Undergrad: 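Below you will find the structure I want to go over with you.
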Amino acid sequence: MKNAALKPGMAAAQHATRIGVLLPLPLAGPYDYVIRQIPAPPRGTLVIAPLGSREMLGAVWTDGEGALEEKRLKAVEPLEGAPTIPLALCDFIDWVARYTLAPQGQVLALALRARSAFEPEVPRIAYARGGTTPAKMTPGRQRVLAVAADGLARSIPALAEDANASPSVVRGLIDCGALQAVELPEFPPFDAPDPNFAEPVLNNEQHEASGALGADVRAHSFSASLLDGITGSGKTETYFEAVAEALRSGKQTLILLPEIALTVQFLDRFAERFGCRPAEWHSDLSQKERKRVFRAVMNGEARVVVGARSALFLPFEDLGLIIVDEEHEQAYKQEDGVIYHARDMAVVRARLEHCPIVLASATPSLESHYNAQSGRYRWLRLRERHGAARLPDIKLIDLRQERAEPGTWLSDPLRKAIAATLDAQEQAMLFLNRRGYAPLTLCECCGHKMTCRDCSSWLVEHRYHRRLTCHHCGYSEHTPANCPQCGAAGSLIACGPGVERVAEEFRNLFPHARMAIASSDTMHGPLETQAAIRAIAKREIDVVIGTQIVAKGHHFPQLTLVGVIDADLGGSDGDLRARERTFQLLHQVAGRAGRAEKPGLVLVQTRNPQDTVMQALANTDRESFYTQETRWRERAHAPPFGRLAALILSGVDDDLVRETGKVLANAAPSARGVRVWGPTPAFYHLLRGQTRERLLVQTEKSVDVQAYLRTWLDSVKIPNNVRLAVDIDPVSFF
Ligand code: ADP
Ligand code: ZN
């Protein structure tokens, strides 16, 4: 524990208590201060603490325990209204820091991201009908008073507009006392979702599952359930009943979604069920909106919050339920700063809050599937699509036999199916998880590959903009006319397809179809994505050619054909989760087809039709895939049968990074059940100009990997210009 030392002479006041204050900075623990209160306020109380020449928001965290004399400690000031981080959240912050090895203060920073939330409220001034009647009456004045007759308070512009009068008329009425100033709170209150607003009629499976979840909510204790239902089975409808139950018990609910893009359709759906929108929390909110939501969560006014992973750190007053939708999604893993998995940490938070958690997915992560199978989680299954909808027919197209001409990507069967779909006035989606025109540009003469200046990755051609772009760092250059290595003219050729290239082929084949490309290059930000998704849902577009951005979670009732352009992409990278991810993604994509009355067809183009992933897809035999994959993990002592942690070193001085890697590896303590691999250059060994080396720690399940790492890392001095990131339970191996 360190001390915020005082300049001599600045003695703290008497009648003060020593406290440990955690500041939202990358600091390992609280600093000692004093507060002029006896006894000290409780843990979590927010204070303003001097630090150097600055003042910052901090939280009372521990009893101070440093050695420095009390009179040499600086004093903190309590905040107006003494807002407090709830105790369960304080414990959660400690827990996350311990688990991820992130500095405690950096985790606190995640919970204090709404900087303005603790500034005093700025009341809005509005005007309502006052006691006096003006001596002089004009038609304008009469109209204003007629509007104000309902007794509601309005702003000057609002009164002027509603009465079709000028603001000066309104001001005249204020001056003579006919209108009186009223202070309104800074923000309008949140509407309360109504659990009984539009109760659905559930089918049997849904009813059973929602009954179980409802009982959990009423029990006010920790429990974990995997809501495992095929795409279109009504998982949302089902867990909404648990949300209704939480509302009835007066408890708050947190619903986590993996991507902001998914929230838009979701908010509408929520409003249809509960009569109003829930509070939202994600990185796209303005500071003002953050302030509003943060305060409302803290004082209990916001009953339901829908958010991205950072919502996990909100100060719920009385949390009664957590839902993690699409729990298998990789987007739940925060890859920089505090590196944490929001799904796993959500389970921890539920435990600390003594409330149930529901993990929902059609393709659960292998870990959750295993937990359900072994009885650690309750396994609630929905095996049928709701209503008339049936699961789509999935067929593999063997690309080794259905050879398309070089430079084309749509096989004959897929072309025919598209034509038939268009004839039937139905919708199709062609899926390829690759942005741009072509993933690789190379010189026909010398074989030179166009790579990024700052990363060890290929530049992706974006033909429309005539540019080559790095998808890792954003570096971009004009597509050169000549090969930069051998100078040959016109020798650069595009290799492989991206969505733009498939779109080009499609346009040549079906010039009259209404087609849209959906990728993060064509849809900028949540608003554009939302507009595109609405347009697809309303069938203003016949064929969507897109990346995973439109492939997940959405409900497009008219969509009957899904074509997967290249199912083998990213299949065998030697990455622990590559196969699982391919399976989940393709399953999700396939699940977009035939979600309403019309049956769906999914055509999957592959060069490996015998592969278990493809077979499991085609036979819709999900369990055989999980069984195989689980067995493989068990043999490899991989999670959930063992533990993994990655250490990533990076820096601009490549010799120093490599040297540090070696020093680190040599310092690894030997311990039973622990193996350390590496250092090896990371897959992208150069990223944004930084050299990257990785070490991987693999341990038996019983090993306390955090304790092991702490001992190890404490024994090594990492040079200042080398960064070390610790990734517990890594998801990405790049
Ligand atoms: P999932 O999330 O499991 O893929 P959804 O919850 O999106 O499935 O449901 C698919 C579709 O079926 C949605 O349009 C939903 O409104 C509808 N649906 C599901 N269950 C019911 C129900 N009990 N009553 C009415 N509509 C339902
Ligand atoms: Zn780059």
Side-chain angles (χ1 to χ4, degrees), residues 198-211 213 226-244 255 257-258 262 265-274 323-329 358-364 380-392 436 439 449-460 462 467-477 533 537 551-559 584 587-598 600 650 652 682-692 734:
E199 280 185 81
V201 180
L202 299 179
N203 65 35
N204 286 342
E205 283 183 329
Q206 293 172 339
H207 183 76
E208 209 168 292
S210 82
L213 296 177
L226 177 65
L227 181 56
D228 175 3
I230 61 170
T231 52
S233 58
K235 291 186 288 298
T236 318
E237 246 75 21
T238 303
Y239 72 64
F240 271 176
E241 293 321 292
V243 176
I255 304 176
L257 299 180
L262 288 172
Q265 253 195 344
F266 187 87
L267 296 175
D268 291 347
R269 245 181 113 170
F270 186 94
E272 280 165 28
R273 170 65 183 85
F274 296 105
I323 289 166
V324 182
D325 204 353
E326 310 286 358
E327 66 89 29
H328 62 280
E329 279 290 341
V358 182
L359 309 178
S361 175
T363 51
L380 298 170
R381 306 199 61 178
L382 305 177
R383 294 162 206 265
E384 281 172 11
R385 279 197 163 179
H386 181 74
R390 290 286 150 265
L391 272 183
K449 292 173 179 160
M450 299 296 290
T451 53
C452 176
R453 206 181 43 174
D454 298 326
C455 307
S456 48
S457 61
W458 295 341
L459 291 175
V460 178
H462 288 251
R467 296 191 80 85
L468 299 175
T469 300
C470 172
H471 284 180
H472 295 282
C473 70
Y475 166 81
S476 146
E477 64 185 47
I533 285 161
K552 294 175 184 170
H554 299 297
H555 186 62
F556 303 128
Q558 307 283 330
L559 188 80
Q584 285 162 340
H587 194 98
Q588 280 291 325
V589 174
R592 293 318 103 204
R595 288 172 66 92
E597 296 77 37
K598 295 170 191 158
S650 60
V652 284
F683 184 85
Y684 293 108
H685 48 93
L686 193 64
L687 205 60
R688 297 180 190 91
Q690 307 240 332
T691 297
R692 298 166 74 241
F734 294 141

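Excluded from the calculations below are hydrogen atoms, water molecules and symmetry mates; all remaining heavy atoms, backbone and side chain alike, are included. Residue numbers count from 1 along this sequence. This one's a predicted model, so the numbers in the text were calculated from it and none came from an experiment. Order of listing sets the numbers, starting from 1, for every ligand and every atom in it.
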Undergrad: Is it true that Phe266 and Phe240 have ring centroids separated by less than 6.0 Å?
TA: yes
Undergrad: Does Thr469 form a side chain to side chain donor-acceptor pair (under 3.5 Å) with His462? I'd like the steps, not just the answer.
TA: CA-CA 7 Å; Thr469 300; His462 288 251; 4.5 Å; no
Undergrad: Decide whether the shortest distance between a heavy atom of Gly229 and an atom of ligand 1 is less than 4.0 Å.
TA: no
Undergrad: If you take the nearest heavy atom of each of Ala362, Gly232, Ala360, Pro200, which one is closest to atom 4 (O) of ligand 1?
TA: Gly232
Undergrad: Once the angle between the rings of Tyr684 and His472 is folded into 0 to 90°, is it parallel (under 30°), tilted (30 to 60°) or perpendicular (over 60°)?
TA: tilted
Undergrad: Distance under 4.0 Å to a non-hydrogen atom of Thr236: what atoms of ligand 1 satisfy this?
TA: 2 (O), 6 (O)
Undergrad: So that I can tick it off, tell me whether Arg273 and Glu241 are bridged by a salt bridge, with the cut-off set at under 4.0 angstrom between side-chain N and carboxylate O.
TA: yes
Undergrad: What are the atoms of ligand 1, with element, lying closer than 4.0 Å to any heavy atom of Val201?
TA: 22 (C), 23 (N), 24 (N)
Undergrad: I want to confirm something. Looking only at heavy atoms, which of Gln588, Arg269, Gln206 is nearest to atom 20 (N) of ligand 1?
TA: Gln206
Undergrad: Check ligand 1 against Leu202 and write out every atom of the ligand that is under 4.0 Å from a heavy-atom position of the residue.
TA: 23 (N)
Undergrad: How does His386 reach ligand 1, by side chain, by backbone, by both or by neither, if only non-hydrogen atoms under 4.0 Å count?
TA: side chain
Undergrad: Any salt bridge linking Arg381 with Glu208? Criterion: basic side-chain nitrogen under 4.0 Å from a carboxylate oxygen.
TA: no
Undergrad: If we only count N/O pairs under 3.5 Å, is Asn203 in contact with ligand 1?
TA: no
Undergrad: Please classify the Arg385 to ligand 1 contact at 4.0 Å (heavy-atom distances, strictly less than): side chain, backbone, both or neither.
TA: neither
Undergrad: Taking all non-hydrogen atoms of both residues, which atom of Ser233 and which atom of Gln206 are closest, and how far apart?
TA: O-NE2, 2.9 Å
Undergrad: Please report the closest heavy-atom contact between Pro364 and Glu327, naming both atoms and the distance.
TA: CA-OE2, 3.2 Å
Undergrad: Compute the angle centred on the Zn ion (ligand 2) spanning SG of Cys473 and SG of Cys470, and express it rounded to 10 degrees.
TA: 110°
Undergrad: Test side-chain contact (heavy atoms from CB on, under 4.5 Å) on Ser210 and Leu202 and set out the steps.
TA: CA-CA 9 Å; Ser210 82; Leu202 299 179; 3.3 Å; yes
Undergrad: Judged by modelled atom types alone, do His587 and Thr363 share a side-chain donor-acceptor pair under 3.5 Å?
TA: no
Undergrad: Give a yes or no on whether His472 keeps an N, O or S atom under 2.8 Å from the Zn ion (ligand 2).
TA: no
Undergrad: I need the contact type for Ile230 against ligand 1. Using non-hydrogen atoms and a strict under-4.0 Å cut-off, is it side chain, backbone, both or neither?
TA: backbone
Undergrad: Can you name the atoms of ligand 1, numbered from 1 with element, that are less than 4.0 Å from a heavy atom of Thr231?
TA: 4 (O)
